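Being a predicted model, the structure only gives us computed values, none of them experimental. The figures that follow rest on heavy atoms only: side chains count, while hydrogens, waters and symmetry mates do not.
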Amino acid sequence: MTKQLNIDLLRTFHAVARFRRFNEAAEHVHRSASTVTTQIQKLEDQIGQKLFSRSNQGVELTVYGKKLLGETTEFLKSHDRLLISLMPQRMQGKIRLGIPDTYAPGFIQEFLPQLIADNPLLELEIEARTSGELLSLFMANKLDMTLTVSAKPLEQGERLGPVQPLWVATEGFSCATNAALPITVPVAGCPYRAAALQVLKDHGIYHRVLMESPNSSAVEACIRSGVAVGLIEESRLGEGLTQVIDGFELPPLPVHHVYLLCDSSNALALHLHEQVKQGFHI
């Protein structure tokens, strides 16, 4: 008889993969830590491979664990979406949704009203923060779903597409010879900040941070004032800004990627997953 993967075992596996600790995963799936350990052992015995490597700091996915995670994520979503379609009356309750600050104005103005209209029984709570903060909140089970930008591949979540940050300034920007290049950057937690400071360091470009802000609108205002060079995604490069910065040849920044992360054990989050994926465009 062909072996069949147990849905409950897969949910527990996904919880451990998300939290990287058995105690946190156990709390999330409402089971004891010993039960979670037993379930993972059963799944490993069934598959015939170790799924996690264990240490005092927690657990990490093995090569086989990463493969199972990738190949069962959509399976669980499809399973739960089917259940949701059969029980639409249950789609009420609270959903905690994260959105990077850069995308928050467009999300709120262009997409949120329709999302609320299509889901009148859902109580939405939205966090607009840096991608790093949102990822940390999601991993700590303080968000049910979040968009996040990452320079590195994420083991969890669905990659929605690439984004390219650019060095930009106003067309009239200038900097005195031998002076430190004034830059404006987001606060720590934004992957663009880390990438920008790293490439400046790697190429030995003399610079100083004129302003940092958690608000992307403030960073853009500083750029447009003509007093600093800053970062803007290629799709948001507007009139009056240029990549040609007088006296400086700034190194290109690496391509980043947008991910949509969703708690696969949360039916309400899964209910919104496809709507956010299909309806909101960067």
Min side-chain heavy-atom separation [X]-[Y] under 4.5 Å:
X	Y	answer
Leu43	Leu51	yes
Val185	Val219	no
Lys42	Asn6	no
Tyr259	Pro153	yes
Ile47	Tyr64	no
Arg20	Leu61	yes
Pro182	Arg208	yes
Glu155	Thr73	no

Between Ile223 and Leu166, is there shared hydrophobic-cluster membership here, with clusters defined by ILVMFWY side-chain heavy atoms closer than 4.5 Å?
yes
Please round to the nearest 0.5 Å and tell me the distance separating atom CG of Leu9 and atom CG of Asp45.
10.5 Å
Before giving the answer on side chain to side chain contact (heavy atoms under 4.5 Å, CB included), spell out for Leu250 and Leu181 the whole-Å C-alpha distance, their side-chain angles and the decisive distance to 0.1 Å.
CA-CA 10 Å; Leu250 296 179; Leu181 176 69; 3.8 Å; yes
So is Arg18 actually on top of Phe138's ring, under 6.0 Å and inside 45° of the axis?
yes
Closest approach of Phe19 and Glu24, non-hydrogen atoms and distance?
CB-CB, 3.8 Å
Inspect the contact between Glu212 and Arg193 and indicate whether a charged nitrogen and a carboxylate oxygen are less than 4.0 angstrom apart.
yes
Just checking Glu158: does its CD atom have more than 12 heavy atoms from other residues, nucleotides or ligands closer to it than 6.0 angstrom?
yes
Might you confirm whether atom CZ of Phe111 has over 12 heavy atoms from other residues, nucleotides or ligands at distances under 6.0 Å?
yes
